[in-house]
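These notes are about the structure you will find just below.
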Amino acid sequence: MGNLQQLALDADIAAVKQQEKLLRLSEFNEDIAWQLGSYIRQIAVQKNYPIAITVARFNQPLFYCAMPNSSPDNKNWLRRKAATVAHYYTSSYAVGLKLKKKGVTTLSGYGLDDKDYATHGGAFPITVEKAGIVGYIAVSGLDQRDDHALVVQALAVHLGLPAEKTALEYLTQDSLGKARLDETIV
């Protein structure tokens with residue numbers, strides 16, 4: 001991996017960490033799950049995205065939707081991405097980026113079976129202030145970075161944050177991603 005690729009990877013890892021720090025809810029319940037899932041569905045309808053969406057407390061699905069032209073396999077990808085969030089308490093994209101940095105593409109070296117875990121972007125922890133991680137929101141059907149971005153956008157909009165300022169592209173604008181990471185966005 002070249003220096004520029006390494007810098008970009010490090011910047012993405014730092015940006016995802018910042019997203020996870022910023023995108024915390026004061027509460028989470030069935031209504032909020034429905035709002036988050038419905039927001040993503042609305043975007044999928046407008047843009048004709050062939051995705052599947054789920055929002056859940058761990059082991060309790062609260063929202064699920066499969067859009068037209070999505071694949072039955074998307075449900076399996078959602079399950080595997082969500083299992084990664086539940087195991088590592090971080091986004092599936094963060095896990096995948098960290099593995100890529102190590103030159104690894106699978107969790108099998110960590111005793112986890114690829115049929116049960118996916119390290120592709122699209123599942124993001126639902127963190128409640130003063131409670132911790134209580135569930136996940138996940139999307140499958142687009143490129144992994146786009147799946148991740150859609151989930152981040154939904155959380156940002158729900159929290160009243162400018163979605164463009166929580167996007168990876170914004171948080172990694174300079175070569176190391178540091179200048180934007182420390183900037184207050186609210």
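Taking OG1 from Thr90 and CD from Gln19, the interatomic distance works out to 10.0 Å, rounded to the nearest 0.5 Å. Rounded to the nearest 0.5 Å, atoms OG1 (Thr166) and CG (Leu159) are 9.0 Å apart. Remark: Ile13 CD1 to Lys100 NZ distance equals 10.0 Å, nearest 0.5 Å. Atom CG of Leu9 is separated from atom NZ of Lys98 by 11.0 Å, given to the nearest 0.5 angstrom. How far CD of Gln60 is from CG of Leu62: 5.0 Å, rounded to the nearest 0.5 Å. Note that OG of Ser92 and CD of Gln144 are 8.0 Å apart. Values are rounded to the nearest 0.5 Å.
Residues forming a salt bridge (charged side-chain N to carboxylate O under 4.0 Å, His left out) with Glu169 (at least two apart in sequence, or on another chain): Arg145. Scored by the side-chain hydrogen bond (donor to acceptor under 3.5 Å, both in side chains) test, Ser91 finds Glu20 as partners (sequence neighbours excluded). Checked against side-chain hydrogen bond (donor to acceptor under 3.5 Å, both in side chains), Tyr64 has no partners two or more places apart in sequence or in another chain. The side-chain contact (heavy atoms from CB on, under 4.5 Å) test applied to Pro61 returns no partner, not counting sequence neighbours. Taking Tyr89 as the reference, Phe58, Ile133 meet the side-chain contact (heavy atoms from CB on, under 4.5 Å) condition, with sequence neighbours excluded. Listed by chain and number, the residues in a side-chain hydrogen bond (donor to acceptor under 3.5 Å, both in side chains) with Asn29 amount to none (sequence neighbours excluded). Glu30 is linked by a salt bridge (charged side-chain N to carboxylate O under 4.0 Å, His left out) to Arg57, counting only residues two or more places apart in sequence or in another chain.
Applying the side chain to side chain donor-acceptor pair (under 3.5 Å) test to pairs two or more places apart or on separate chains, those with a residue in residues 126-140 are Asn74-Ser140. Judged as a salt bridge (charged side-chain N to carboxylate O under 4.0 Å, His left out), not a single pair has a partner in residues 44-54 (not counting sequence neighbours).
Tyr93 is not connected to Val85 by any chain of hydrophobic side-chain contacts under 4.5 Å among Ile, Leu, Val, Met, Phe, Trp and Tyr, and they are in different clusters. Hydrophobic clustering of Ile, Leu, Val, Met, Phe, Trp and Tyr side chains at less than 4.5 Å, counting indirect connections, keeps Leu99 apart from Leu97. Linking ILVMFWY side-chain heavy atoms closer than 4.5 Å, directly or via other members, places Tyr88 and Val134 in two distinct hydrophobic clusters. Leu150 and Val95 are not part of a single hydrophobic cluster, where members link through side-chain heavy atoms under 4.5 Å apart. Under the 4.5 Å side-chain contact rule for hydrophobic residues, Ile43 and Leu78 do not share a cluster.
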What pairs of donor and acceptor atoms, side-chain ones from residues 33-42 against any protein atom, are under 3.5 angstrom apart with sequence neighbours left out?
{"residue": "Trp34", "atom": "NE1", "partner": "Ser38", "partner atom": "OG", "Å": "3.3"}
{"residue": "Ser38", "atom": "OG", "partner": "Trp34", "partner atom": "O", "Å": "2.7"}
{"residue": "Tyr39", "atom": "OH", "partner": "Gln153", "partner atom": "NE2", "Å": "2.8"}

Return a table of donor-acceptor pairs under 3.5 angstrom between the side chains of residues 111-125 and protein atoms on other chains or two or more places apart.
{"residue": "Asp113", "atom": "OD1", "partner": "Lys115", "partner atom": "N", "Å": "3.0"}
{"residue": "Asp114", "atom": "OD1", "partner": "Thr106", "partner atom": "OG1", "Å": "2.4"}
{"residue": "Asp114", "atom": "OD2", "partner": "Thr106", "partner atom": "OG1", "Å": "2.6"}

Dump the intermediate steps for side-chain contact (heavy atoms from CB on, under 4.5 Å) on Val128 and Arg24, then the final yes or no.
CA-CA 6 Å; Val128 175; Arg24 296 170 180 248; over 6 Å; no

His158 and Leu23: side-chain contact (heavy atoms from CB on, under 4.5 Å), yes or no, with the steps?
CA-CA 9 Å; His158 179 78; Leu23 301 173; over 6 Å; no

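With Phe63 as the partner, the side-chain contact (heavy atoms from CB on, under 4.5 Å) test is satisfied by one option alone out of Ile53, Ile137, Thr54: Ile53.
Under a 3.5 Å cut-off, the side chain of Asn69 and the backbone N or O of Pro50 do not form any donor-acceptor pair. Side-chain atoms of Lys81 come within 3.5 Å of backbone N or O of Val139 as a donor-acceptor pair.
The two atoms that bring Ile51 and Ala44 nearest to each other are CD1-CB, 3.7 Å, heavy atoms only. Taking all atoms of both residues into account, the shortest heavy-atom contact from Ala94 to Val16 is CB-CG1, 3.7 Å. Annotation for Asp12 and Leu168: closest pair O-CD2, 4.2 Å, computed over non-hydrogen atoms. Nearest heavy atoms, Ala163 versus Ala156: CA-CB, 4.0 Å.
The hydrophobic cluster of Trp77 has no other members, since no ILVMFWY side-chain heavy atom comes under 4.5 Å of it.
Between Tyr170 and Glu164 the shortest side-chain heavy-atom distance does not fall below 4.5 Å.
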